Trainee: 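This is the structure I want to talk about, given as structure tokens.
Note on naming: letters A, B, ... go to the chains in the order of the sequence lines (proteins, then strands), and numbering restarts at 1 for each one. Predicted model, so just to flag it, every value in this text is computed and none were measured.
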There are 2 protein chains.
Amino acid sequence: MYLRSLLDMAETRGAITVSSDELARLAGVNAAKVRKDLSYLGSYGTRGVGYDIEYLLYQITRELGLTQDWPTALIGIGNLGRALASYKGFSERGFRIAALFDVDDDVIGQQVGGLTVRHLDELKESVNEDGLSIGIIATPPSAAQEAAEKLVDAGVKSILNFAPSVVNVSPDVNIRKVDLSIELQILSFYEQRTQAIAAAREANRRLEIKHRPPR
Amino acid sequence: MYLRSLLDMAETRGAITVSSDELARLAGVNAAKVRKDLSYLGSYGTRGVGYDIEYLLYQITRELGLTQDWPTALIGIGNLGRALASYKGFSERGFRIAALFDVDDDVIGQQVGGLTVRHLDELKESVNEDGLSIGIIATPPSAAQEAAEKLVDAGVKSILNFAPSVVNVSPDVNIRKVDLSIELQILSFYEQRTQAIAAAREANRRLEIKHRPPR
DNA sequence: ACGAGCTTGTGACTGAAATCACAAACTCAA
DNA sequence: TTGAGTTTGTGATTTCAGTCACAAGCTCGT
Ligand SMILES: NC(=O)c1ccc[n+]([C@@H]2O[C@H](COP(=O)([O-])OP(=O)(O)OC[C@H]3O[C@@H](n4cnc5c(N)ncnc54)[C@H](O)[C@@H]3O)[C@@H](O)[C@H]2O)c1
Ligand SMILES: NC(=O)c1ccc[n+]([C@@H]2O[C@H](COP(=O)([O-])OP(=O)(O)OC[C@H]3O[C@@H](n4cnc5c(N)ncnc54)[C@H](O)[C@@H]3O)[C@@H](O)[C@H]2O)c1
């Protein structure tokens, strides 16, 4: 989040430095947290002045591993896979979708976002050729476990999973999930809660009016 | 996560009950946490037996507000918006994409996933007509703030934002973000870290061999 | 050179989330 | 009915992230 705020700032404003206070506002967190977080990277601020934007950008970029390019494999070239494959926002931050895989013969061979979809069986050689280090799973949930295993087997130890299913991997593999249904469920939970409270308050109000003794 | 694990279980296996231990394994958390979490819903388990899967499913569904239908507005019908609009997984869990909005005249009027794309200016009336209660933003980052404000203005208080930008709303609005670049950055951070450790260990090993005294 | 005015870096503190651990409550076999 | 074997529900405890608060350190005007 800091990285993004700093990039925005570097683009739009001409400022050289930024204070923890300002960065906190932009990132939507507490200023002390900004300072503590940044202190883990080292002492890159100057008291009485703030942080040098360019320098901080470089340090965060370096720490996140974004100074190098991360060739990424995408498995499952359906609706979501296509959107991801043709998304330019990733390459801006050093993530290059470098190879596409599917198992459907109708999909294999197609050109998507400048790449040819290959069969999942070719994953292993592609990992060796292209140095793929990250895998994205956009298959149906039932195929997610298999896709993860093929990735791990091919040597990919970092996986982002879009399929709404639990995928088990060995502990040395880093797997993260993006689950849109869960996000919506969290929203509906709070929405229902506030609706329920509003309804209760309304019912209460009516009851009070009804039973209020005449003045 | 429990909901999903339970749904999987109800489909595949014929079991009637599930223990906190088993559910913990499936959801990837601690068993005591499962019990404490579920205890917030009420005492729905039986000691010595476990939880009735169907009953627990119903209770969680109810608590999350999934017994009712949540008509959802989708703003920004580009690559990602189209994938979301035609995704069937949402409606399975009670989220129905009920209206699509954009500002591009080439896009407005198009049929996507059985719906006609409307102009963003029609949002307010559509919220009233269709009872929209959740909004999804899939516009470019620069338009996200505007889209959020229009949603709030129209009465939508629950927002899911896919655009990688900070959106500020009043505190009574619930906004969540899904940021894929950040997910990938987290992966690359750990990937680089393990690579660095492996490299250091390797360098160390070579050094040790070189300087090891002859036996 | 000095003091007023900022802003960082971090030890101390706070509160919440996660975990432990065990009595209570159940099943089932004998 | 009893007792062994499970598993829940939850108070007690631990762990951890977030915040506070302030000394240390910087700039700049005088
Ligand atoms: N489309 C969305 O907006 C959306 C939103 C949230 C979550 N998801 C999830 O993302 C995943 C993909 O969604 P989608 O809409 O693109 O689905 P989709 O059906 O359009 O595409 C799935 C693709 O995966 C391929 N596939 C199937 N089995 C495979 C295997 N074993 N190995 C490799 N590829 C395989 C299919 O051939 C197909 O091309 C699903 O799990 C879905 O639940 C999608
Ligand atoms: N495509 C992906 O895979 C992907 C992945 C991660 C994040 N995102 C993010 O999701 C968002 C959408 O991505 P995309 O690839 O679909 O972009 P896109 O450019 O394909 O689509 C954006 C759509 O938003 C519309 N739009 C522009 N201004 C608008 C406004 N003020 N109000 C309403 N609609 C407006 C455009 O007309 C267009 O149809 C972007 O913020 C992007 O960064 C996309």
Trainee: Which residue lies toward the 5' end of DNA chain D, B:Gly48 or A:Arg35, if each is placed at its nearest nucleotide?
Mentor: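 Final value for this comparison: B:Gly48.
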Trainee: Return yes if some donor-acceptor pair links the side-chain N/O of B:Thr61 with the main-chain N/O of B:Leu57 below 3.5 Å, else return no.
Mentor: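 Yes: the side chain of B:Thr61 pairs with the backbone of B:Leu57.
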Trainee: Could you tell me whether the side chains of A:Glu149 and A:Gln145 share a donor-acceptor contact shorter than 3.5 Å?
Mentor: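 Yes.
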Trainee: Using chain B heavy atoms and a threshold of under 4.0 Å, write down where along DNA chain D the contacts begin and end, 5' to 3'.
Mentor: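 The contacted stretch runs from D:dT6 to D:dA12.
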Trainee: Which part of the nucleic acid, if any, lies within reach of A:Tyr44 when heavy atoms closer than 4.0 Å are counted: base, sugar-phosphate only, or nothing?
Mentor: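 Counting heavy atoms under 4.0 Å across all strands, the contact made by A:Tyr44 is with sugar-phosphate only.
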Trainee: Please examine the side chains of A:Glu191 and B:Gln68, heavy atoms only from C-beta on, and report whether any two atoms are closer than 4.5 Å.
Mentor: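 When only atoms from C-beta onward are counted, A:Glu191 and B:Gln68 do not touch, as no gap falls below 4.5 Å.
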Trainee: To the nearest 0.5 Å, what is the distance between CG (B:Leu26) and CG (B:Asp8)?
Mentor: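 Here the rounded value is 8.0 Å.
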Trainee: How about A:Leu41: does its CG atom have over 12 heavy atoms from other parts shown lying under 6.0 Å from it?
Mentor: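 Yes, because the 6.0 Å sphere around CG of A:Leu41 holds more than 12 heavy atoms from other groups.
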Trainee: Donor-acceptor pair, B:Gln192 side chain versus A:Arg62 backbone, under 3.5 Å?
Mentor: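 Yes, the answer is positive, given that a donor and an acceptor are paired below the 3.5 Å cut-off.
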Trainee: Are A:Tyr190 and A:Thr194 packed together at the side-chain level, in the sense that at least one heavy-atom pair is separated by less than 4.5 angstrom?
Mentor: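 When only atoms from C-beta onward are counted, A:Thr194 and A:Tyr190 do not touch, as no gap falls below 4.5 Å.
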Trainee: If you assign each of A:Val49 and A:Ala32 to its closest nucleotide in DNA chain C, which residue comes earlier from the 5' end?
Mentor: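 Per heavy-atom nearest nucleotide, the more 5' residue is A:Val49.
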Trainee: To the nearest 0.5 Å, how far apart are CZ in A:Phe189 and CG in A:Leu184?
Mentor: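 The CZ atom of A:Phe189 sits 15.0 Å away from the CG atom of A:Leu184.
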Trainee: Give the first and the last nucleotide of DNA chain C, reading 5' to 3', that has any atom under 4.0 Å from a heavy atom of chain B.
Mentor: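 So the contact region on DNA chain C extends C:dA18 to C:dT27.
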